[in-house]
Every structure is written in structure tokens, then in C-alpha cells.
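Comments concern the structure below.
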Amino acid sequence: MPHDTPLISTIVGGLVLAFIFGAFAHRLRMPPLVGYLIAGVLVGPHTPGYVADQNLAPELAEIGVILLMFGVGLHFSLKDLLSVRGIAVPGAIVQIAFATLLGWGLGAFMGWSTGGSLVFGLALSVASTVVLLKALQERRLVETERGRIAVGWLIVEDLAMVLALVLIPAAASIGGEGHAPVEPLSAALSRLFGLDLGIGGMIAMTLVKVALFVALMLVFGRKLIPWTMHRIAHTGSRELFRLGVLAIALGVAFGAAKLFGVSLALGAFFAGMVLAESELSHRAAQESLPLRDAFAVLFFVSVGMLFDPNILIDKPLPILATIFIIVIGKSVAALLIVLAFKKPLSTALTISASLGQIGEFSFILAALGVELGLLPEEGRDLILAGAIISIILNPLLFFLCDRMRPLLDGAKREDVVADPAPAADAIAAQEEMPPEDDEVHPTALSGHSILVGYGRVGSIVGQNLKSSATPFLVIEDSDKRIGELKAQGIETLSGNAVMRETLDLANLSGARSIAIAIPNAFEACRIVEQARSVNPSILIVARAHSDAEVDELKQYGADTVIMGEREIALGMVDRLAQVHHESVPYEDGHEPDTIMPTDGPPPERE
């Protein structure tokens, strides 16, 4: 076995250091990704000690981007994508134009060429897929309206950058500012038929290839991919199923990039979105999750490897200007754009915070600009520094937006109260105001039960609480489920129960019981801990999938923890005992005392 193993050393060094510094960051109440970035700086070429392979690390990181976008596609249907096109398409275009203009102005001020300044501005205009999705997933916002708009906005940005990657080399060769090969298909047509398509032909060729890829995925992929996964599932082999999921995600992404010129991330997204129409989408998401998280960590490590800390000393003012454009300029522009479309303030704040950073496409544009001779290396260093710092600041931006929202909502209410208009005019004005779909208010219930999660388990618990006339409310973050609950007249709080503010709105101190029906044991433990500290006498019931989770939840203060597999086994044993030992006639159905859902919605995937 050879002793020179750059692939193994890069993976081991990146993951081990990321774990160590990620744990330190979590201990200091900072996002773990800050630790991942620091790990990347330490294994990069600009710091002493071990240096990871700079060619392998970005490729490993790209796998993480592919798997992450595939996972998003599994939870993002075509209907959801089309539902936000009215704001995502114009909003993303205006925001890209505004940020590009700011970046071009900074580049021109520093004496760069027009082409280099435009490349610099484009690199600052596009947000990072990984950072955005990590932030939305941590707050469980991916399936909400805010999350759908943010993801749709990002897809439009990706499409725009795919087009830019084709236009920049063509513009450089036409303008005489750089050197680059033209678009491959255009070059082939030129050689075969002597046709000079020019920049217009290149744009048309790119649009045709993207449209052809989307059409193939929507027409043939929607049938072929789900059919393939169902055939694999029928083999009963979990190993083959997991391998099939990875093969589809990586294969479609790679084929889309090579054959149609779209980004790997976009190809993986459409593969996931097509598979989402299958009943196996939930299982596919579970099987790809471990690899997705591991390679997403390597993405942040690879970003940290590119960062040269010396630039903080050599170019402090240009770095501050770059960060201002990314964090302030883009965020304010996105906020105003979303508000101009009459969306709720909470949606505008979420979108603005989501876009206040840059990432993978920025690095690709920077590398292309330097390769073409358009962008000076100083510009690439500024882009890298801006990416690192904006990624670190992004959680703080989310925190500030969360704090700003109650203040701004309070100011709105004060304006309404101070308005001396007649009551009829006030009612009319209120009716004309756009509905604040995401706005939540504290409950008036007391001595009630709190139900966290309304999936397969929570829906059964909730319907039986309703049928027994027990006062209760549901904490849920899925817009679809919230709509169904409100239609049934069930009080609902939109949000994540892990957040203390959400539990306070549910009047945790005045509740008699809390049922935690979510399958995530880590979040459940945090909810149990907070519930016990706020209300020591409250009854806490939770669910678990293993004996270890049962023990952990009880250590945090849960009174009763029900493990699904154990209850299933006990139910089977009870039924078998009735037939084999007690001579009780077998009845095909449920026992009279079995708790079953009433006339509620069918259970959904969690």
C-alpha cells in the first residue's frame, strides 16, 4: 500500500480538525461552521504545519454541494418552485444587478478594468447554497413560505451564474481584455459549418441547453427516476437502495454539467425534485443525510483553505468595503424588494439575512476571472476574505433580524393605536393590509397541553386530544400542516419549539403537559430541558427510536418516553397471546381502547 495518500489525509485532516474546532465553537455558543472555517485555515497553505491537498479538497466539497441540493430538491416540489416565481425571478434579477453595480463601482475605484470590475460585482451578488440551506435547516424554515422563496431566489441566482460563466469568456475574447475558449457547442458548429455565432449565438445555445435539460428531467426523469427507485426498493436491499440514491444524485448532477453545461448543484436539485414525487422520497432523504452532512463540512474546510489571513492586515479598507456590499448592500436591497412585493416583514427579514453572504459560485467566478486575465489576484483575495467573514457574520445577521422583527412589529402597532381615524376607517385600513402569515401571538390558554410536531405521530395525538375536548395547541413549522390545523380550528404556533421564544408564546409555565412528537432526539432533548426548567411540575411525554435515546430524554427530565419499536413489538405480542394462550377469537381490527385518529387529515411524512 502506498504511503502517499493525499485523499485519505485530506479527508481525515479536514474532518478531525473540523470536529475539534466545531465542538469548541458550539461550546462558545457560536455556529459550528465557524469552527469548520478555522479548521480550513489551519490546513491551508497560508498557515504553518500540515497542508491538505488544494486540488482534492474543493472536489470533495463539491460532492457536499451536490448532496445538499439533492436533499433540498427532495423537499421542494415543482409546484412550490412555480408558486414563488413571481417574486423569486424579478427579485433575484434586481438584487444581482444592484450588487453587481456596487461591486463594479468598488473595482473601478481601485483602478481595475471594466471586465474585472463586472466579474468582481457578479461574484459578490450570488449567495452560497450551503450556507443558506444550513441556516434554513437549523431554523426549520425550508418548508415554509419564507424558505421556499429563499431557495427559489437562489435557484434563479444559480441559473444567472450559469449564463454568466458562458458570457464572461465570450465577452473577454470579443473585448480583447482576456483570453478563453468559446462555448464548446458553438465552437463545434463553427468548425463543422464555418458559422460564427458570436455572443448572441452563445447566449442562445446556453439557454437552449438549460431548457433541454429541464425538459428532459420533467418529461422523462419524472417517470424514470421514481420507477428506478421503486424497483430497487422491491429488492429489499437497503444497501442497494442507498447506493441507488447516491448514484442518481451524483450521476444526474455530473451528466447535467458535462452534457448541458448547467451547474452540478442545479442538476442535483432537479434530480431531487423529480424524486420528491415518489413515495420513497422520505427514505431517500434519510439515506443520503449522513454523507450530505460530512461532505458539507468539507465544503467549509475547503473555503477556509483558500483564505490568506495576511490580507486582513494588508488591505483592511477594501475588505471593509467588500463586506459592506455583501452583508449590508445585498441585505438591504433584498429587504426592500421583498417588501415592495407586499410580503410579510418576517419573510423580508429572512430573505435579507439569507442572502447576506457569498460562496461557491463566487469562488468559481473569481477563479475564471483570474484565469482570463480580467480580475487581478487582489480581487480574488478580496472575494475570499469577504466570503469567509460574511459566512461567519451570517448567523449574527439572522440573530439581528430576529431581534428587529418584534421591534418593527411593535412600531407598527403603536402607529395604528396613535391613528385617530374613526373605527370604520381603521377596520377598512386593516382589511387592506397584507396578511402577516408568519406572525405569531401568545396563547390565551392555561392548564392546557402543548403538542410539538404534527406528523404521523403528532396527528394521532392531536386528533384524540381534540375528540376528548382537552385544551391544547400545536407547535409546527410546516406551512401545509399549519393550514390544515387552522382549517380544523386547532390553535397553532408557527415556529421551532427549540427556540425559547416559541415555548414562551405557548405559555409553557401555565401548561399541564407537553407531548414532543418530533423524531429528532437532539431537538427533543433541548425542548425537554427547557420545559422542565420553566415548569418543574409539567408532565413531559416524548418519543424515541432507541434505548439510548430513551435514557437521554429521561436524563433531561422527560416523565414518559415511548419507543416506537418497543410498542409495536408489545402490540404484536399481545395479539399473539390472545390467539395462542387465551383462546380469544382473532378480530381483524383495533381494540376498543386503542387510540386512533378521528376525522383528521391523513398522516404525512415527517
Side-chain angles (χ1 to χ4, degrees), residues 12 15-16 18-29 31-33 35-36 67 71 134 137-140 236-239 241-242 245-246 282-297 449-461 475-477 496-500 502-503 508 513-536 538-574 595 603 605-606:
V12 172
L15 291 180
V16 170
F19 166 71
I20 294 173
F21 286 96
F24 274 122
H26 181 74
R27 182 74 175 177
L28 298 174
R29 299 185 180 276
L33 65 87
Y36 308 156
L67 295 176
K134 277 288 185 182
Q137 287 173 349
E138 287 176 359
R139 292 159 179 81
R140 301 178 69 180
S237 172
R238 184 174 182 178
E239 179 181 352
F241 185 85
R242 183 184 296 115
V245 172
L246 296 176
H282 178 64
R283 183 178 170 189
Q286 288 182 324
E287 296 296 341
S288 62
L289 182 61
L291 276 178
R292 191 164 72 226
D293 288 343
F295 281 101
V297 169
S449 179
I450 300 173
L451 175 57
V452 180
Y454 202 77
R456 291 173 297 180
V457 175
S459 60
I460 297 175
V461 176
I475 299 178
E476 179 57 67
D477 60 0
N496 189 344
V498 175
M499 308 296 293
R500 177 62 180 273
T502 305
L503 291 175
L508 181 61
S513 65
I514 179 170
I516 305 170
I518 59 175
N520 189 320
F522 294 102
E523 292 188 357
C525 287
R526 293 183 60 187
I527 298 171
V528 169
E529 183 180 23
Q530 293 187 76
R532 184 60 68 203
S533 64
V534 173
N535 189 344
I538 193 172
L539 171 67
I540 302 177
V541 182
R543 60 180 287 195
H545 294 284
S546 66
D547 291 329
E549 290 183 1
V550 171
D551 295 338
E552 188 176 11
L553 285 164
K554 287 188 174 180
Q555 288 177 2
Y556 277 95
D559 296 295
T560 303
V561 182
I562 299 172
M563 190 171 73
E565 290 80 357
R566 180 182 296 163
E567 296 303 315
I568 292 173
L570 291 176
M572 296 174 70
V573 169
D574 181 62
I595 298 177
R605 296 192 307 271
E606 294 185 19

Show the nearest heavy-atom pair for residues [X] and [Y], with the distance to one decimal.
X	Y	result
L451	G458	CD2-O, 3.3 Å
A517	R543	O-NH1, 3.0 Å
L553	A544	CD1-CB, 4.1 Å
S449	S513	OG-OG, 3.0 Å
E549	A521	CD-CB, 3.5 Å

If you count heavy atoms of other groups shown closer than 6.0 angstrom to CZ of R242, is the number above 12? yes

Take a 6.0 Å sphere around CZ of F295 and say whether it holds more than 12 heavy atoms from other residues, nucleotides or ligands. yes

Side-chain heavy-atom pair L539, I514 within 4.5 angstrom cut-off: no

Got F19 and L15 here, is their nearest side-chain heavy-atom distance under 4.5 Å? no

Does the pair E552 and Y556 meet the rule for a side-chain contact (heavy atoms from CB on, under 4.5 Å), with working shown? CA-CA 6 Å; E552 188 176 11; Y556 277 95; 3.7 Å; yes

Looking only at atom types and distance, does a side-chain atom of E567 sit under 3.5 Å from a main-chain N or O of M563, one as donor and one as acceptor?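 No, the answer is negative, given that no donor and acceptor are paired below the 3.5 Å cut-off.
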
Are V534 and L503 close enough, and set up right, to give a side-chain contact (heavy atoms from CB on, under 4.5 Å), and what steps lead you there? CA-CA 10 Å; V534 173; L503 291 175; over 6 Å; no

Evaluation steps, side-chain contact (heavy atoms from CB on, under 4.5 Å), between T560 and K554: CA-CA 8 Å; T560 303; K554 287 188 174 180; over 6 Å; no

Qualifying residue, where the test is side-chain contact (heavy atoms from CB on, under 4.5 Å) with D559 and the options are V528, I540, V541: I540

